[in-house]
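One structure below.
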Protein chains: 4
Amino acid sequence: MKAVAEPSTARGRATRQRILQAAEECFARHGYAEASVAEIVRRSSVAQGSFYNYFESKAAIFAELIRSLQRQMTDATREGALRAAGRSRVEAEVEGTKAFLEWLAEHRDLHRLLHLIDEADPRLAVEFFGGFAKGYAEGLAEAMQEGEVQRIDPELLAFALMGMNHFVSMRWMLWDRDGELPPELMDDFARIIAGALRGAAVR
Amino acid sequence: MKAVAEPSTARGRATRQRILQAAEECFARHGYAEASVAEIVRRSSVAQGSFYNYFESKAAIFAELIRSLQRQMTDATREGALRAAGRSRVEAEVEGTKAFLEWLAEHRDLHRLLHLIDEADPRLAVEFFGGFAKGYAEGLAEAMQEGEVQRIDPELLAFALMGMNHFVSMRWMLWDRDGELPPELMDDFARIIAGALRGAAVR
Amino acid sequence: MKAVAEPSTARGRATRQRILQAAEECFARHGYAEASVAEIVRRSSVAQGSFYNYFESKAAIFAELIRSLQRQMTDATREGALRAAGRSRVEAEVEGTKAFLEWLAEHRDLHRLLHLIDEADPRLAVEFFGGFAKGYAEGLAEAMQEGEVQRIDPELLAFALMGMNHFVSMRWMLWDRDGELPPELMDDFARIIAGALRGAAVR
Amino acid sequence: MKAVAEPSTARGRATRQRILQAAEECFARHGYAEASVAEIVRRSSVAQGSFYNYFESKAAIFAELIRSLQRQMTDATREGALRAAGRSRVEAEVEGTKAFLEWLAEHRDLHRLLHLIDEADPRLAVEFFGGFAKGYAEGLAEAMQEGEVQRIDPELLAFALMGMNHFVSMRWMLWDRDGELPPELMDDFARIIAGALRGAAVR
DNA sequence: AATGAATGAGCATTCATTCAT
DNA sequence: GATGAATGAATGCTCATTCAT
């Protein structure tokens, strides 16, 4: 009943992109529930019906946006980690985080989207954060083998690190206007991350 | 923009409580947007109009729920920290976290509410997490003075720790059915927290 | 989620009636698909939302209309048959049909509704015609016992008679303006019915 | 209001047929309102726009289907009646009905279409049933002249017989899965028809 | 002959909130 | 204090049809 085929002409692809772009902006501005398909189509100068030629539903376009976000985030983080090639795993991890935060700073709309996932659909949150954590945990497990990171449950560590990132970026990059993590804080943050990776006895 | 007077009779207070209770359940079950005043009203066996005798709006009752949540969370954490009286600040911090997670496990509805704040109203998130972090950071600042915790920006550390808690509890206490953090993970988590508190050089 | 409670005040009952009345007119005028809830509420001078305080959906109000129609049709037919009390079953059957057609003539809107059932929902058609036929067939079965009606499958006979009524009333009461079956035709129709009831050998 | 030219090439004719075939299936499956041009087009592997190269509108293709249905039904009935050549008019009538029902059983999709006419457009119903009745009534009028059928209004008799067919086939051929009228019922039905044709006094 | 992108009016339904009693 | 009827703006979505190639 739905169909929604891939656009086969250049014009179609362009329209699809326009809608996608407009949706990103609308969601970022208003949140998921408050954003309306009506506004998305207005911003993309497309008829209401055209939206549904390309996307099954409001939820579907949001999910697509999120999946693309996931890809980009993963790539940015990975590339960042490569900057520390040859150095320690901890350094690589910290570089990855830095790169990730830099990427976020340059993609404020996408950053906001990140905080709407749960609102849009809790299952999407599971897919997104769960999926991201999986890749993250694998890397950490390797590092544990090599003895550079404390030997604990890798998934736990992954979620802990993700939570830190999430809250720190929320506080300094979303709540604050300029959208960047102050450089001096970045150093402090690096020490926190390093501490969490190495671990410490509780006494 | 109606009066919404404090209830003056016992009956009034009881009604108010019933509504509050029903609202907590509804929000927990359906999320903020999906929860409807109509269902809250049905669950509390009260007429549609009565709701607005006690609360200004759906947003208002949610905010009230959240403020009470904040109080309870703070108390639970503080009490937990007291269990480590006489021991180190790090130990106190870990005990506080444990107590907090135990409290969460016993109040699943409230735990869910915690994840709806952003959905309901981003400004409420600022108030809630920002407020919580403030108290948290003060305690950490003291600990830094005493040299038990690495000397970095206390608010940053507060947010990092809050984020860890948030994500770890989300993963193991919300996504998983039983709603408890497996005990063996708790020990690992304690090492992560301790590491973050003490900090480590990046190399 | 739906609720739709019985109205408890006189005002509520009145409103419900107004909507029901307006719906009958709208469906009669435009058919099921073409009739819009918007017009129904306009005609009943009620807000769009109020409709859904009383009826679950467009389909639901139509079904309710039909069920009431079924009751009224059955009653009218039965009362007609009683006019022939003391006379033969065949005469009673014919009188019932006459009464039924008279009733139809006086309730043109309901007559039109009768022809929308299938359009609205095929399952409703099964419920309606099937239900009606059941009662009909029971009466015929009795008459067969008494030897006044040919001994064949009663349900078959019921459907055949219903079909005759349906098409004859469609042709002369719906398609023609005045909405009445010309009296001279009624006599002919009576002979057809009598013939069908008594049956005849095929040669 | 487009041109809709007759297809001039073999390819064009083939496309037109494919669409017609797909439409029949769609209407049969979903009814008139629920069937969508989009699905018809999908089923016939044709572009959305091509549909309108061959048919003016959804209503137009349905009407065309119905007109062809009328032709086929008339032919089937007529051929059936010829099987009783030499026998009585009543026998011919019964044979015609049998043949008609057999034809219906073999064309279930078309049978369903028959019940959608009113849904699609009441005026089409007048054209279809009215037209069919006309031819039917002519035959009956002849039979009345010959004294084999009771002398009453031929059109009335035609509609009565059509109604019987309609409801009987609906009950046993549409509502029931297998789509055939049980043979034992056919004999009963023949007696009903014969009775209606011969007529009986009402007493 | 065929394509598929684009259109936009139209629809049923939801829901927080207000009002009159 | 409590009721429940009434409101109406807003929303996501459908679908027959047209247009430009």
Side-chain angles (χ1 to χ4, degrees), chain A residues 1-2 5 7-16 33-41 46-59, chain B residues 1-2 5 7-9 11-12 14-16 33-41 46-59, chain C residues 1-2 5 7-16 33-41 45-59, chain D residues 1-2 5 7-9 11-12 14-16 33-41 46-54 56-59:
Chain A
M1 307 235 171
K2 288 297 161 56
S8 61
T9 72
R11 189 183 179 206
R13 278 186 294 274
T15 303
R16 193 173 196 282
E34 292 288 299
S36 74
V37 173
E39 191 189 342
I40 294 174
V41 300
V46 161
Q48 191 90 359
S50 299
F51 178 92
Y52 293 91
N53 288 346
Y54 296 106
F55 304 97
E56 261 193 358
S57 64
K58 180 181 167 182
Chain B
M1 301 259 172
K2 291 317 255 335
S8 62
T9 72
R11 186 186 177 200
T15 304
R16 194 172 195 281
E34 291 287 296
S36 74
V37 173
E39 193 191 340
I40 294 175
V41 145
V46 156
Q48 194 90 356
S50 301
F51 179 93
Y52 292 89
N53 290 342
Y54 294 106
F55 303 97
E56 256 188 4
S57 65
K58 181 182 168 181
Chain C
M1 309 235 168
K2 289 294 160 57
S8 61
T9 72
R11 190 184 179 201
R13 277 185 295 272
T15 303
R16 194 174 195 281
E34 291 288 298
S36 75
V37 174
E39 191 190 342
I40 294 175
V41 300
S45 307
V46 160
Q48 192 90 356
S50 299
F51 179 92
Y52 293 90
N53 287 346
Y54 296 105
F55 303 97
E56 259 191 1
S57 65
K58 180 182 167 181
Chain D
M1 301 263 171
K2 290 321 246 340
S8 61
T9 73
R11 185 184 178 206
T15 303
R16 192 172 196 283
E34 293 287 297
S36 74
V37 174
E39 193 190 342
I40 294 174
V41 144
V46 156
Q48 194 89 358
S50 301
F51 179 92
Y52 292 89
N53 290 344
Y54 295 105
E56 256 189 3
S57 65
K58 180 182 169 183

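Just the heavy atoms: all of them, side chains too, but no hydrogens, waters or symmetry mates, feed the values below. In what follows, every chain begins at residue 1, and chains take the letters A, B, ... in the order their sequences are listed.
- In this structure, A:E39 atom CD and F:dA10 atom P are separated by 13 Å, rounded to whole Å.
- No donor-acceptor pair under 3.5 Å is formed between the side chain of D:S50 and the backbone N or O of D:V46.
- Here A:T15 contributes atom OG1 and A:F51 contributes atom CZ; the two are 13.5 Å apart, rounded to the nearest 0.5 Å.
- Remark: F:dT21 base-pairs with E:dA2. Criterion, Watson-Crick or G-U wobble with two distances under 3.5 Å.
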- Going 5' to 3' through nucleotides 4-11 of chain E and flagging B where a protein heavy-atom sits under 4.0 Å of the base, S where only the sugar-phosphate is that close, and - otherwise, we get BBBBBB-S
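- Residues A:A59 and D:S57 both approach DNA chain F. Their nearest nucleotides, taken by heavy-atom distance, put A:A59 toward the 5′ side.
- Across all strands shown, F:dT11 pairs with E:dA12; the Watson-Crick or G-U wobble distances both stay below 3.5 Å.
- The phosphate of F:dT14 (OP1 or OP2) has no side-chain N or O of A:Y52 nearer than 4.0 angstrom.
- In this structure, C:S45 contributes its side chain and C:V41 its backbone to no donor-acceptor pair below 3.5 Å.
- Shortest non-hydrogen contact noted between B:P7 and B:Y54 is CB-CE2, 3.9 Å.
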